[in-house]
Structure formats: structure tokens, C-alpha cells
Protein chains: 2
Amino acid sequence: MVTLATVSKVAGVSTATVSRVLNQPHKVDRNTRQVVEKAIEKLGYRPNQYARGLASKTSKTIGVIVNRFSSTYYGFMLDGVEEALVEYGYKTLAESSRETAEGENQALLSLIDRQCDALVIHTNKLTDIELAQYQNKARPIVFMNRKVQACENESIYLDNKSAGQLAASYLLQKGHTSFAMVTGPKSYHESVSRTNGFISTLKEHAITIDKDCIIESDFTVQGGYDSLCRLLKQQKHFTAIFFHNDEMAAGAYKACREHGIAIPSQISILGFDDAVIASHLTPGLTTIEQPLAEIGRASGLLALSLLKNKPEIFQGSKLFTATVKERDSVKDINRE
Amino acid sequence: MVTLATVSKVAGVSTATVSRVLNQPHKVDRNTRQVVEKAIEKLGYRPNQYARGLASKTSKTIGVIVNRFSSTYYGFMLDGVEEALVEYGYKTLAESSRETAEGENQALLSLIDRQCDALVIHTNKLTDIELAQYQNKARPIVFMNRKVQACENESIYLDNKSAGQLAASYLLQKGHTSFAMVTGPKSYHESVSRTNGFISTLKEHAITIDKDCIIESDFTVQGGYDSLCRLLKQQKHFTAIFFHNDEMAAGAYKACREHGIAIPSQISILGFDDAVIASHLTPGLTTIEQPLAEIGRASGLLALSLLKNKPEIFQGSKLFTATVKERDSVKDINRE
DNA sequence: CTGTTAGCGCGTTCAT
DNA sequence: ATGAACGCGCTAACAG
């Protein structure tokens with residue numbers, strides 16, 4: 001095994017000097033530096049990261065937690081985080097919580113054990129209080145697409161209330177006046193904010209939404225399917241439905257097909273996320289787009305800036321804005 | 001900071017004993033073990049993984065490389081790997097190559113630097129020879145969904161030739177006799193094998209496929225779209241097209257829509273992978289399903305078995321079999 | 001069964 | 001600008 005000692009012998013210098021050319025090249029004479037670099041090259045020396053971490057107490061690694069890997073929702077954020085870190089020579093250590101509270105706790109501890117210099121985490125199960133306690137430790141923790149009370153400075157997230165308002169404005173603008181909504185679980189802060197935003201804008205236009213027309217679901221295709229069936233059974237009147245994510249909207253497409261309901265002529269559907277499937281549905285799903293990759297990127301940068309205590313690395317807003325991705329699932333009633 | 005020494009003092013034993021209760025509990029007396037465990041609990045002690053790795057030369061971590069995170073193709077495999085490792089108390093260190101040769105090399109080196117006990121990698125750019133060289137080092141490398149010459153024992157992959165044969169058999173069985181095919185890049189071994197399998201089965205039935213009707217594409221939606229347009233322009237006759245993945249098939253759907261071609265009445269489409277989008281397309285995409293999660297899981301297990309030199313951890317085949325996931329994009333001509 | 005001790009490979013003083 | 005020496009926290013002989 002090639003170690004610092006091997007290199008130092010070959011180069012005819014001390015290990016301290018080799019270490020310096022690696023970490024503080026400017027403190028080494030040009031000539032000796034070149035000699036050392038040649039030796040490193042020749043031997044194919046690679047520093048042992050564990051020894052490094054042990055001695056320096058830093059790992060140049062940032063831990064990331066997501067619910068799972070097999071969803072592009074998390075995939076886009078992960079890619080965003082990694083992109084940001086690579087620029088600064090940091091590594092990503094990604095772990096999944098398998099969407100359980102236990103998994104979140106374990107992942108958190110495991111990443112801390114692994115000496116991650118900072119953490120970027122997306123969690124749903126742990127409470128704000130529990131998360132805030134972790135935050136109290138030495139290493140910075142950034143909450144990715146999650147707003148944590150008392151840790152606002154470390155939270156990067158979408159302005160879900162505005163997004164809900166945007167959804168309502170868009171549908172109103174298309175001439176709709178009677179609505180239904182299928183939300184995510186109430187335990188998710190996004191769901192609550194989107195709901196509030198949606199309702200508040202309707203209220204501004206003196207429109208109320210029947211309580212029976214707001215259904216809490218679970219962000220899954222099946223959940224969306226079931227919700228639409230329930231809405232249909234109720235026989236309430238509405239011309240447009242706002243779904244809190246695209247998977248649920250996709251489930252609604254299926255239900256519509258089975259019930260012989262045409263989208264958007266008989267019912268308009270608005271999704272959320274602009275997931276990969278949105279563009280593949282027929283008709284194309286109009287949806288509220290959320291910049292997941294940028295949220296990931298910003299989270300990575302914020303972690304770095306906190307870690308190095310360099311505010312200049314992360315500048316800009318911690319609050320992201322949604323936009324409308326217009327396709328063909330919302331009817332423009334004005335044009336009739 | 002709480003270290004082994006802290007614990008040992010509180011428990012009134014030596015650091016070696018504390019280390020033993022952590023790693024070889026059976027070698028410690030029940031009573032002293034309990035005392036130590038109490039101290040660990042009380043102090044909230046967590047072992048420093050870097051010190052551990054440095055001293056023991058093992059990290060209980062397995063590095064994984066994928067092209068990127070934002071595709072469920074890799075996501076499913078990653079989830080599979082992690083699931084397998086968690087059972088054995090191992091961690092996943094995932095890194096993306098961003099689908100570049102440089103990225104693959106860097107990721108490989110970086111994971112080795114990080115003392116990963118084994119590697120599970122999915123690569124496309126590096127040649128078999130380059131990969132085999134890495135394999136020659138101390139730590140085991142498993143090639144996930146990739147067949148590497150000279151490393152067959154460490155390759156876990158789908159039997160792509162059989163899968164191609166299956167595709168042909170299925171279409172033949174549905175009464176089709178005239179075909180087109182859109183493949184992935186020739187540099188991908190999967191593409192070549194699928195093509196060979198497909199053609200060989202046709203040949204068995206005395207059917208040849210016009211060379212102009214085989215188009216090499218790039219696994220992207222746009223690529224599939226372009227390929228179908230090209231096929232259409234040629235005015236050759238065929239009733240069914242086999243796409244080497246579902247993304248390209250989705251692109252074909254779009255092209256069909258624009259050209260007013262009905263699926264499956266005018267043209268039948270068969271995909272590959274059973275990606276998430278397949279079920280959301282209209283009509284549902286019939287596709288050759290590949291068990292990605294299981295391939296990931298098997299790769300993880302194989303890595304563990306190699307690493308620990310325990311064949312019993314991984315038993316079963318390294319070759320996986322594809323199946324047909326039937327939906328509505330292939331017409332049954334016999335029924336006319 | 002338990003304690004002592006010597007590294008693991010590197011970064012970092014402190015001298016020179 | 002360079003080298004000697006120590007310590008990071010832990011595991012692994014070796015004694016006892």
C-alpha cells in the first residue's frame with residue numbers, strides 16, 4: 001500500500017512536506033513541490049480518506065437523506081445537490097430513509113457517525129422539535145424542501161402557499177368557478193400550505209369550496225384514483241380539480257377513463273410537481289412546476305456556505321417559486 | 001467529545017473491553033458487558049467510523065455508481081442495492097457519474113479512496129478492459145446490469161438476448177410478420193444482445209427484417225420520436241415496432257399522435273423496461289419488463305458474499321430473465 | 001475474560 | 001521552507 005511515508009521516501013523529503021503539497025501547496029518551495037508531485041504521480045498515491053478524516057476532523061463529505069431513490073422527485077433533488085457539491089470538491093453520501101421515522105433517525109445518526117461535514121435532509125416523519133435538536137449539534141443541517149420551525153435559516157423550500165394561490169389564479173383565469181381539490185397528507189406541511197393558498201385566493205374572489213370537495217389523500221396514483229371516484233359518487237358540482245401532485249392526477253386520469261369522462265372537456269385537471277409522467281399523460285397534464293433540481297442545488301450550496309462560514313457561497317433566496325407548466329388538461333371556459 | 005476512552009473510564013474498564021463489547025460481545029463477561037453498555041447508553045457514545053476504518057481497514061460501506069439519480073431506472077436498482085445491504089448492516093455510498101467517462105473514473109477512484117469494502121457499479125463509458133483492471137485490485141467490484149468480459153463472475157445482468165427473443169416471440173404470437181426496431185446505442189452491450197435475440201427468433205420463423213427498419217437511437221424520448229418519423233418517411237411496411245426502452249416508445253407515441261396514426265390499430269408498439277411512464281401512456285404500453293430492483297438486490301448480495309467470502313449470501317443466478325408486461329399497445333392480428 | 005500496547009495514515013504543531 | 005514528533009479514536013495482537 002502506498003502511503004504518505006512511501007511518497008516521502010521516494011521524494012527524499014519528510015511526510016510533513018508531502019502533506020503540505022497536498023493541502024497547502026503555497027507553503028512549499030516550487031522545486032521540492034515538483035519533486036513530490038512527480039513521486040505522487042509515479043506511485044499512484046491516493047490519500048487515505050479515513051486517516052485524513054481522523055486527523056483533520058473533516059471529511060469533505062455531505063450527507064443527504066431522501067425517502068427513497070426510485071422516485072424522480074428525490075432524484076432531481078439529489079442530482080441538484082450533487083451538482084452543487086462537485087463544484088466545490090465535496091462528495092455526496094446519500095442514504096434513503098425508506099419513508100419511515102426509524103429510517104430517518106438511523107440515517108441521520110449514520111451520516112453523523114460517518115463524519116459528514118454537513119447534512120442535507122428531506123424528512124417527513126420526524127417532528128420539527130426532533131429535527132431542531134439535531135440541528136443543535138456541531139454540524140450544520142439543511143432542510144431540503146421542508147420548512148422547519150426554529151430553523152428557518154437552514155430551510156430551503158418552495159413557497160407552497162403562493163403555489164396554491166397560483167393554482168387557484170390559473171384556474172380562475174381559465175373561467176372556472178367551481179372546484180374540487182385532492183391534497184396530500186395533512187401531516188405534510190406542503191399540503192397544508194397549498195390548501196391554504198388555494199382557498200385564500202378563491203375567497204378573494206368570493207368563491208368557497210365545499211368541504212366534501214376537499215379530499216385528503218396520500219400522494220400515490222391509487223390515492224388519486226380513489227379520490228376521484230369518491231368525488232364522482234358525491235354528485236357535487238365542480239369543473240376543475242386541483243391535485244397536490246402529478247401521481248394522484250394520473251390516478252384521476254385512469255378513473256376518468258373508466259367512467260367515460262373526458263379531460264378537459266368535461267372535467268379539468270391541474271397537477272403539481274411537473275413530474276416526468278406529466279408530459280406522457282393524454283391529454284398532457286397542466287401542472288404547477290416546482291424547481292426540484294434548483295432546490296437541491298440551493299440546499300447543497302447553503303450547506304457548504306454554513307459549513308465554511310462563507311455567506312458568499314449561497315446567495316439568493318431560500319424560498320422558491322412555482323410556475324405553471326401549461327399543457328392540455330385544463331379547459332378554457334371563456335372560449336366557449 | 002465522547003470517545004472510547006471516556007466510556008472506558010466511566011465503566012471502569014479498559015478501552016479494549018469497550019471495543020470488544022462493540023465488536024465481539026460474546027468475548028466479554030455478561031456483567032462487565034452490561035456495565036459498559038450502560039455507560040455507552042448514558043454517554044450517548046457513537047463510534048467514530050473514521051478511526052474504526054483506519055484501524056480495521058474496513059468501512060462496512062459499499063460504494064455504488066449510477067449514471068444519475070433522476071431516473072427511476074437507476075433509482076429502482078439503487079433501492080434494491082440498499083435493501084440488500086441494510087439487512088447485513090452495511091451502508092450504501094452512492095455516487096453518480098453524470099454519464100461521462102471522466103465521471104465514471106472519478107467516482108471509481110473516489111469510492112476506493114473512501115475505503116469502500118466493495119463496489120457495485122453500473123457503467124457505460126469505461127471499456128471492459130479498463131473495468132477489468134480495477135477489478136484486479138483488492139476489493140471486489142460487482143458490475144450491475146452489465147456484462148464485463150473476463151469478469152463474468154462479478155457481473156449481474158439481464159439476459160438481453162433472451163429478452164430480445166421474447167420480444168419477437170410475443171409479437172409473432174400476436175400475428176405480426178413485418179417488423180421495425182429502434183435500438184439503443186451500439187456501444188451498449190444490451191442493445192446488441194437484444195437486437196441479436198430479436199433477429200434470431202425472427203429468422204427461426206423465416207422472417208427477415210429490412211435493414212432500413214432497424215434504427216439505432218439513444219434511449220431518449222426525443223430519440224424515439226425522431227426514429228419513428230424516419231421510419232414513417234421511408235414508407236416501408238411493418239405492423240409492429242420493438243423499442244429498446246420505454247422512453248423511446250413514449251417518443252414514438254408523440255410522433256404517432258402528430259401523424260394521426262392510431263396505436264395499436266394502425267401500428268403496434270412494444271417497449272422495454274416497464275418504466276413508470278409505461279402504465280401512464282395511452283394506450284398502456286406493452287413492454288418487456290426487467291426486474292431492476294431485484295438486479296440491484298442481487299448485486300448488493302453478490303458484493304457482500306464476495307467481500308466476506310461467504311458464497312451462501314448470494315445464491316441463485318447472476319442472469320435475470322425478462323417477462324412480458326402486457327397492456328394495450330400491441331394488436332392481436334389473429335383476432336381480426 | 002481483561003488490560004497493555006502498538007500501530008492504522010495523516011495533519012499539525014513546534015523547532016530549526 | 002522543512003523535519004521531528006505527537007495525537008486523532010479505534011482495533012488487534014499479546015500478555016496475564
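Chain letters run A, B, ... following the sequence lines, proteins first and then strands; every chain starts at 1.
- When DNA chain C is scanned in the 5' to 3' direction for atoms under 4.0 Å from non-hydrogen atoms of chain B, the outermost contacting nucleotides are C/dC1 to C/dG9.
- Residue pairs satisfying the ring pair (Phe, Tyr, Trp, His ring centres under 6.0 Å) criterion with at least one member in residues 35-59 of chain B, sequence neighbours excluded, are listed as follows: A/Tyr50-B/Tyr50.
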Donor-acceptor contacts, no H, no angles, side chain residues 28-44 of chain B, under 3.5 Å, sequence neighbours left out:
unit_1, atom_1, unit_2, atom_2, d
B/Asp29, OD2, B/Asn31, N, 2.8
B/Thr32, OG1, B/Asp29, O, 3.0
B/Arg33, NH1, B/Pro25, O, 3.0

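- With sequence neighbours excluded, the residues forming a ring-ring contact (aromatic ring centres under 6.0 Å, His included) with A/Tyr74 are A/His122, listed by chain and number.
- Judged purely by distance below 3.5 Å, without hydrogens or angles, the side chains of B/Glu152 and B/Ser155 never pair a donor atom with an acceptor atom.
- Considering only heavy atoms from C-beta on, B/Gln115 comes within 4.5 Å of A/Asn48 through its side chain.
- Contacts with DNA chain D (heavy atom under 4.0 Å) in residues 22-45 of chain B: B/Asn23, B/Gln24, B/Tyr45, listed by number.
- Residue contacts shown for A/Val18 are absent, as no nucleic acid heavy atom lies under 4.0 Å away.
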Practice item. Kindly determine whether B/Glu312 and B/Ser305 satisfy side-chain hydrogen bond (donor to acceptor under 3.5 Å, both in side chains), including the steps that lead there. Key: CA-CA 7 Å; B/Glu312 67 270 24; B/Ser305 89; over 6 Å; no

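- Across the helix from C/dC1-D/dG16 to C/dT16-D/dA1, the helix axis at one end is tilted relative to the axis at the other end by 30° (nearest 10 degrees, each axis from five pairs).
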For residues 294-304 of chain B, which side-chain donor-acceptor pairs fall under 3.5 Å, sequence neighbours excluded?
unit_1, atom_1, unit_2, atom_2, d
B/Arg297, NH1, B/Glu83, OE2, 2.9
B/Arg297, NH1, B/Glu87, OE2, 2.9
B/Ser299, OG, B/Ile295, O, 2.7

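- A donor atom on one side chain and an acceptor atom on the other are found under 3.5 Å apart for B/Ser110 and B/Glu95.
- Among residues two or more places apart in sequence or in another chain, the side chain to side chain contact (heavy atoms under 4.5 Å, CB included) test is passed with B/Asp79 by A/Arg68, A/Phe69, A/Ser70.
- Residues that satisfy the ring-ring contact (aromatic ring centres under 6.0 Å, His included) test with B/Phe219, not counting sequence neighbours, are B/Tyr188.
- Heavy-atom nearest nucleotides on DNA chain C were determined for A/Thr3 and for B/Thr15, and the one closer to the 5' end corresponds to B/Thr15.
- Checked against ring-ring contact (aromatic ring centres under 6.0 Å, His included), A/Phe320 has no partners two or more places apart in sequence or in another chain.
- Once you apply a 4.0 Å limit to the heavy atoms of chain A, the touched nucleotides of DNA chain D run 5' to 3' over D/dA1 to D/dG9.
- More than 12 heavy atoms of other residues, nucleotides or ligands lie within 6.0 Å of NZ in A/Lys308, so this atom counts as buried by the packing criterion.
- Within 4.0 Å (heavy atoms only), A/Ser19 reaches at least one base atom of the nucleic acid.
- Residue pairs meeting the side-chain hydrogen bond (donor to acceptor under 3.5 Å, both in side chains) criterion with at least one partner in residues 138-149 of chain A, sequence neighbours excluded, are A/Tyr73-A/Asn145, A/Asp128-A/Arg146, A/Asn145-A/Gln290.
- Between B/Gly12 and A/Ala55, the one whose closest nucleotide on DNA chain C sits nearer the 5' end is B/Gly12.
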